[in-house]
Amino acid sequence: MPAYDFKAPRLFVETPLAAGTVLPLERAQANYLINVLRRGEDDPVLVFNGRDGEWHTRLVATGRKDGQLHCVAQTRPQHPPSDLHYLFAPLKSARLDYLAQKAVEMGAGLIRPVITRFTQGDRINMDRLQANAIEAAEQCGILAIPELAPPLRLDEALAGLDEARLLVFCDEDAPISDPVRALSEAADPANPPPLAVLVGPEGGFSEEERAAIRARPNTVALSLGPRILRADTAAVAVLALVQAVLGDGR
(Lines give C-alpha, C1' and ligand atoms only; values in the text may rest on other atoms or scores of the structure.)
Protein backbone atom coordinates (compact mmCIF):
# COMPACT_ATOMS: atom_id res chain seq x y z
CA MET A 1 0.00 0.00 0.00
CA PRO A 2 1.26 3.53 -0.71
CA ALA A 3 2.38 5.63 2.24
CA TYR A 4 0.10 8.52 1.25
CA ASP A 5 -3.18 8.93 -0.60
CA PHE A 6 -2.26 11.38 -3.37
CA LYS A 7 -5.67 11.18 -5.04
CA ALA A 8 -7.70 12.75 -2.25
CA PRO A 9 -7.27 16.51 -1.74
CA ARG A 10 -5.76 17.63 1.58
CA LEU A 11 -6.77 20.65 3.62
CA PHE A 12 -5.26 22.28 6.69
CA VAL A 13 -7.84 23.22 9.33
CA GLU A 14 -7.61 24.83 12.77
CA THR A 15 -10.43 22.78 14.30
CA PRO A 16 -9.68 19.87 16.68
CA LEU A 17 -10.13 16.55 14.87
CA ALA A 18 -11.84 13.39 16.09
CA ALA A 19 -14.23 10.77 14.78
CA GLY A 20 -17.64 12.31 14.17
CA THR A 21 -16.39 15.91 14.08
CA VAL A 22 -18.22 18.10 11.56
CA LEU A 23 -16.04 20.77 9.95
CA PRO A 24 -17.80 23.72 8.30
CA LEU A 25 -15.77 24.69 5.25
CA GLU A 26 -14.57 28.22 4.69
CA ARG A 27 -16.02 29.73 1.52
CA ALA A 28 -12.69 29.50 -0.34
CA GLN A 29 -12.22 25.86 0.69
CA ALA A 30 -15.75 24.92 -0.36
CA ASN A 31 -15.34 26.65 -3.72
CA TYR A 32 -12.02 24.86 -4.26
CA LEU A 33 -13.44 21.41 -3.52
CA ILE A 34 -16.89 21.74 -5.12
CA ASN A 35 -16.33 24.04 -8.09
CA VAL A 36 -12.62 23.76 -8.91
CA LEU A 37 -11.98 20.08 -8.17
CA ARG A 38 -15.59 19.06 -8.88
CA ARG A 39 -15.82 16.93 -5.76
CA GLY A 40 -19.25 15.61 -4.97
CA GLU A 41 -21.26 14.23 -2.09
CA ASP A 42 -19.32 11.75 0.08
CA ASP A 43 -16.08 12.18 -1.88
CA PRO A 44 -13.01 11.70 0.37
CA VAL A 45 -10.98 14.66 1.63
CA LEU A 46 -7.96 14.41 3.93
CA VAL A 47 -7.58 17.03 6.68
CA PHE A 48 -4.93 17.82 9.27
CA ASN A 49 -4.35 20.52 11.89
CA GLY A 50 -0.78 19.87 12.98
CA ARG A 51 -1.94 18.39 16.31
CA ASP A 52 -4.31 15.47 15.79
CA GLY A 53 -2.81 13.62 12.83
CA GLU A 54 -4.42 13.22 9.44
CA TRP A 55 -8.10 12.31 9.06
CA HIS A 56 -10.27 10.87 6.30
CA THR A 57 -13.43 12.92 5.90
CA ARG A 58 -16.38 12.81 3.54
CA LEU A 59 -17.71 15.88 1.80
CA VAL A 60 -21.27 17.00 2.41
CA ALA A 61 -22.26 19.83 0.08
CA THR A 62 -24.82 22.25 1.51
CA GLY A 63 -24.87 24.51 -1.54
CA ARG A 64 -22.90 25.44 -4.65
CA LYS A 65 -20.43 27.40 -2.53
CA ASP A 66 -20.92 25.83 0.88
CA GLY A 67 -20.16 22.49 2.45
CA GLN A 68 -19.06 20.46 5.44
CA LEU A 69 -16.54 17.73 6.08
CA HIS A 70 -17.50 14.82 8.34
CA CYS A 71 -14.54 13.11 10.05
CA VAL A 72 -14.63 9.35 9.55
CA ALA A 73 -11.30 7.85 10.66
CA GLN A 74 -7.70 8.80 11.34
CA THR A 75 -5.37 7.84 8.48
CA ARG A 76 -2.06 8.77 10.14
CA PRO A 77 -1.20 9.66 13.75
CA GLN A 78 0.51 12.93 14.58
CA HIS A 79 4.30 12.80 14.78
CA PRO A 80 6.56 15.29 16.60
CA PRO A 81 7.51 18.34 14.53
CA SER A 82 10.95 18.46 12.96
CA ASP A 83 13.69 20.11 15.02
CA LEU A 84 15.54 21.50 11.99
CA HIS A 85 15.78 25.31 12.10
CA TYR A 86 16.03 27.17 8.80
CA LEU A 87 17.39 30.72 8.96
CA PHE A 88 17.46 32.80 5.79
CA ALA A 89 17.90 36.33 4.52
CA PRO A 90 14.59 37.41 2.93
CA LEU A 91 14.31 37.60 -0.85
CA LYS A 92 11.94 39.35 -3.22
CA SER A 93 8.34 38.16 -2.87
CA ALA A 94 8.03 35.60 -5.69
CA ARG A 95 11.28 33.87 -4.78
CA LEU A 96 10.42 34.09 -1.10
CA ASP A 97 7.23 32.13 -1.84
CA TYR A 98 9.33 29.43 -3.52
CA LEU A 99 11.83 29.38 -0.67
CA ALA A 100 9.13 29.00 2.00
CA GLN A 101 7.48 26.14 0.12
CA LYS A 102 10.74 24.26 -0.42
CA ALA A 103 11.86 24.71 3.19
CA VAL A 104 8.63 23.05 4.32
CA GLU A 105 9.01 20.24 1.78
CA MET A 106 12.60 19.64 2.93
CA GLY A 107 11.56 19.20 6.55
CA ALA A 108 12.22 22.50 8.30
CA GLY A 109 10.50 22.66 11.68
CA LEU A 110 11.19 26.35 12.27
CA ILE A 111 11.59 29.06 9.64
CA ARG A 112 13.09 32.40 10.65
CA PRO A 113 13.88 35.42 8.45
CA VAL A 114 17.24 36.97 9.36
CA ILE A 115 18.11 40.56 8.47
CA THR A 116 21.68 40.96 7.22
CA ARG A 117 23.66 43.86 5.81
CA PHE A 118 22.91 42.94 2.20
CA THR A 119 19.34 41.68 2.68
CA GLN A 120 17.24 42.90 -0.23
CA GLY A 121 14.32 43.91 1.95
CA ASP A 122 13.41 43.69 5.61
CA ARG A 123 9.62 43.94 5.15
CA ILE A 124 8.33 40.39 5.32
CA ASN A 125 4.68 39.50 4.86
CA MET A 126 4.36 36.81 7.53
CA ASP A 127 0.77 36.01 6.54
CA ARG A 128 1.92 35.26 2.99
CA LEU A 129 4.80 33.17 4.37
CA GLN A 130 2.29 31.20 6.46
CA ALA A 131 0.00 30.67 3.46
CA ASN A 132 2.88 29.27 1.42
CA ALA A 133 3.91 26.97 4.27
CA ILE A 134 0.36 25.63 4.57
CA GLU A 135 0.05 25.11 0.82
CA ALA A 136 3.29 23.12 0.71
CA ALA A 137 2.22 20.98 3.67
CA GLU A 138 -1.19 20.31 2.07
CA GLN A 139 0.33 19.22 -1.23
CA CYS A 140 3.17 17.10 0.15
CA GLY A 141 1.50 15.00 2.84
CA ILE A 142 3.19 16.89 5.70
CA LEU A 143 1.42 16.69 9.06
CA ALA A 144 2.99 19.61 10.94
CA ILE A 145 3.16 23.24 9.85
CA PRO A 146 6.60 24.66 10.70
CA GLU A 147 6.81 27.40 13.30
CA LEU A 148 7.24 30.77 11.59
CA ALA A 149 9.47 32.78 13.88
CA PRO A 150 9.58 36.59 13.72
CA PRO A 151 12.47 38.25 11.86
CA LEU A 152 15.65 39.00 13.78
CA ARG A 153 18.90 40.77 13.00
CA LEU A 154 21.74 38.35 12.34
CA ASP A 155 23.44 39.05 15.67
CA GLU A 156 20.16 38.43 17.53
CA ALA A 157 19.53 35.20 15.65
CA LEU A 158 23.02 33.90 16.44
CA ALA A 159 22.68 34.82 20.11
CA GLY A 160 19.33 33.01 20.29
CA LEU A 161 20.67 29.66 19.08
CA ASP A 162 21.37 27.08 21.75
CA GLU A 163 25.08 26.22 21.82
CA ALA A 164 24.22 22.53 21.46
CA ARG A 165 22.61 23.22 18.08
CA LEU A 166 24.97 22.69 15.14
CA LEU A 167 24.81 25.67 12.78
CA VAL A 168 25.46 24.83 9.14
CA PHE A 169 26.55 28.04 7.47
CA CYS A 170 26.54 28.36 3.67
CA ASP A 171 29.75 30.28 3.00
CA GLU A 172 30.71 31.19 -0.55
CA ASP A 173 34.28 31.72 0.65
CA ALA A 174 34.62 28.29 2.26
CA PRO A 175 37.15 25.98 0.57
CA ILE A 176 35.54 23.87 -2.14
CA SER A 177 35.64 20.38 -0.67
CA ASP A 178 33.43 17.40 0.04
CA PRO A 179 30.34 18.80 1.86
CA VAL A 180 29.27 15.34 2.99
CA ARG A 181 32.64 14.83 4.70
CA ALA A 182 32.46 18.30 6.24
CA LEU A 183 29.09 17.54 7.81
CA SER A 184 30.17 14.06 8.95
CA GLU A 185 33.24 15.53 10.63
CA ALA A 186 31.18 18.26 12.33
CA ALA A 187 28.81 15.79 14.02
CA ASP A 188 28.26 12.07 14.44
CA PRO A 189 25.69 10.97 11.81
CA ALA A 190 24.68 8.09 14.08
CA ASN A 191 23.78 10.51 16.87
CA PRO A 192 23.31 13.95 15.29
CA PRO A 193 22.72 17.08 17.40
CA PRO A 194 19.89 19.58 16.90
CA LEU A 195 20.48 21.36 13.60
CA ALA A 196 20.16 24.84 12.13
CA VAL A 197 20.91 25.98 8.59
CA LEU A 198 21.79 29.58 7.68
CA VAL A 199 21.62 30.89 4.10
CA GLY A 200 22.53 34.49 3.35
CA PRO A 201 21.29 37.03 0.79
CA GLU A 202 22.15 37.29 -2.89
CA GLY A 203 25.06 39.60 -2.07
CA GLY A 204 26.48 37.22 0.51
CA PHE A 205 27.52 38.06 4.05
CA SER A 206 29.78 40.97 4.89
CA GLU A 207 33.24 40.20 6.24
CA GLU A 208 32.12 41.27 9.72
CA GLU A 209 29.08 39.01 9.56
CA ARG A 210 31.11 36.09 8.29
CA ALA A 211 33.59 36.56 11.16
CA ALA A 212 30.76 36.67 13.72
CA ILE A 213 29.20 33.49 12.36
CA ARG A 214 32.52 31.64 12.29
CA ALA A 215 33.24 32.75 15.87
CA ARG A 216 30.13 30.98 17.14
CA PRO A 217 30.96 27.58 18.71
CA ASN A 218 29.50 24.49 17.06
CA THR A 219 29.38 26.01 13.57
CA VAL A 220 30.48 24.48 10.27
CA ALA A 221 31.07 26.52 7.10
CA LEU A 222 29.91 24.66 4.03
CA SER A 223 30.72 25.18 0.37
CA LEU A 224 28.09 24.11 -2.15
CA GLY A 225 30.60 23.59 -4.94
CA PRO A 226 32.25 25.61 -7.70
CA ARG A 227 29.06 27.12 -9.16
CA ILE A 228 27.42 30.32 -7.96
CA LEU A 229 23.90 29.50 -6.77
CA ARG A 230 20.99 31.82 -6.24
CA ALA A 231 19.93 32.02 -2.60
CA ASP A 232 16.72 30.02 -3.14
CA THR A 233 18.64 27.31 -5.02
CA ALA A 234 21.27 27.21 -2.26
CA ALA A 235 18.49 26.72 0.29
CA VAL A 236 17.24 23.54 -1.39
CA ALA A 237 20.78 22.23 -1.92
CA VAL A 238 21.95 22.69 1.66
CA LEU A 239 18.73 21.39 3.21
CA ALA A 240 18.98 18.26 1.06
CA LEU A 241 22.61 17.76 2.12
CA VAL A 242 21.91 18.27 5.81
CA GLN A 243 18.89 15.97 5.81
CA ALA A 244 20.79 13.26 3.91
CA VAL A 245 23.84 13.28 6.20
CA LEU A 246 22.55 14.33 9.62
CA GLY A 247 18.79 14.60 9.31
CA ASP A 248 15.78 12.37 8.72
CA GLY A 249 16.91 11.37 5.23
CA ARG A 250 19.92 9.37 6.38
Would you say [Y] ends up clustered with [X] if hydrophobic residues are merged whenever their side chains have heavy atoms under 4.5 Å apart, either directly or through other cluster members?
{"X": "Phe88", "Y": "Val168", "value": "yes"}
{"X": "Ile142", "Y": "Met106", "value": "yes"}
{"X": "Leu154", "Y": "Leu166", "value": "no"}
{"X": "Val114", "Y": "Leu84", "value": "no"}
{"X": "Val180", "Y": "Leu222", "value": "yes"}

Does the pair [X]/[Y] count as a salt bridge with the N-to-O cut at 4.0 Å?
{"X": "Lys102", "Y": "Asp232", "value": "no"}
{"X": "Asp66", "Y": "Arg27", "value": "yes"}
{"X": "Arg95", "Y": "Glu202", "value": "yes"}

| field | Check: Gly40 main-chain N/O paired with Asp43 side-chain donor or acceptor under 3.5 Å | value | yes
| Are the side chain of Gln74 and the backbone N or O of Ala18 linked by a donor-acceptor pair below 3.5 Å? | no
Do you see a donor-acceptor pair shorter than 3.5 Å between the side chains of [X] and [Y]?
{"X": "Arg216", "Y": "Thr219", "answer": "yes"}
{"X": "Asn218", "Y": "Glu163", "answer": "no"}
{"X": "Asn49", "Y": "Asp52", "answer": "yes"}

| message | Tell me whether the count of non-hydrogen atoms from other residues, nucleotides or ligands lying under 6.0 Å of CD in Glu26 goes above 12. | response | no
Is [Y] close to [X] at the side-chain level, that is, under 4.5 Å between some pair of heavy atoms?
{"X": "Val45", "Y": "Arg58", "answer": "no"}
{"X": "Leu46", "Y": "Arg76", "answer": "no"}
{"X": "Leu59", "Y": "Asp42", "answer": "no"}
{"X": "Leu25", "Y": "Leu11", "answer": "yes"}
{"X": "Tyr86", "Y": "Val242", "answer": "no"}
{"X": "Arg165", "Y": "Pro193", "answer": "no"}
{"X": "Arg112", "Y": "Pro150", "answer": "yes"}
{"X": "His70", "Y": "Thr21", "answer": "no"}

| said: Walk me through whether Ile115 and Leu152 qualify under side chain to side chain contact (heavy atoms under 4.5 Å, CB included). | reply: CA-CA 6 Å; Ile115 309 305; Leu152 291 176; over 6 Å; no
I need the [X] [atom1] to [Y] [atom2] distance, nearest 0.5 Å.
{"X": "Thr75", "Y": "His56", "atom1": "OG1", "atom2": "NE2", "result": "9.0 Å"}
{"X": "Arg117", "Y": "Glu207", "atom1": "CZ", "atom2": "CD", "result": "10.0 Å"}
{"X": "Leu143", "Y": "Ser82", "atom1": "CG", "atom2": "OG", "result": "12.5 Å"}
{"X": "Leu23", "Y": "Leu17", "atom1": "CG", "atom2": "CG", "result": "6.0 Å"}
{"X": "Glu209", "Y": "Leu158", "atom1": "CD", "atom2": "CG", "result": "9.0 Å"}
{"X": "Thr119", "Y": "Leu91", "atom1": "OG1", "atom2": "CG", "result": "8.5 Å"}

| said: Could you walk me through whether Glu54 and Arg10 satisfy the side chain to side chain contact (heavy atoms under 4.5 Å, CB included) test, starting with their C-alpha distance in whole Å, then the side-chain angles of each, then the deciding distance to 0.1 Å, before giving a yes or no? | reply: CA-CA 9 Å; Glu54 181 184 75; Arg10 295 180 84 242; 2.8 Å; yes
| For the ring pair Phe48 and Phe12, is the centre-to-centre distance below 6.0 Å? | yes
| Testing Leu246, Leu167, Leu183, Leu239 for side-chain contact (heavy atoms from CB on, under 4.5 Å) with Leu195, which one passes? | Leu246
Looking at every non-hydrogen atom in both residues, tell me the closest pair between [X] and [Y] and how far apart they are.
{"X": "Val199", "Y": "Cys170", "value": "CG2-SG, 3.9 Å"}
{"X": "Ser223", "Y": "Pro179", "value": "O-CB, 3.9 Å"}
{"X": "Pro9", "Y": "Pro44", "value": "CD-O, 3.7 Å"}
{"X": "Pro201", "Y": "Ala89", "value": "N-CB, 3.5 Å"}
{"X": "Pro16", "Y": "Arg51", "value": "N-NH2, 3.7 Å"}
{"X": "Pro189", "Y": "Pro192", "value": "O-CD, 3.4 Å"}

| Within residues 133-149 or reaching into it, pairs that qualify as side-chain hydrogen bond (donor to acceptor under 3.5 Å, both in side chains) - sequence neighbours excluded | Glu135-Gln139
| query | What do the steps show when you test Gln243 against Val245 for side chain to side chain contact (heavy atoms under 4.5 Å, CB included), and what is the final call? | reply | CA-CA 6 Å; Gln243 290 286 46; Val245 180; over 6 Å; no
| query | Checking side chain to side chain contact (heavy atoms under 4.5 Å, CB included) for the pair Val72/Thr57: CA distance, chi angles, key distance, verdict? | reply | CA-CA 5 Å; Val72 177; Thr57 71; 5.6 Å; no
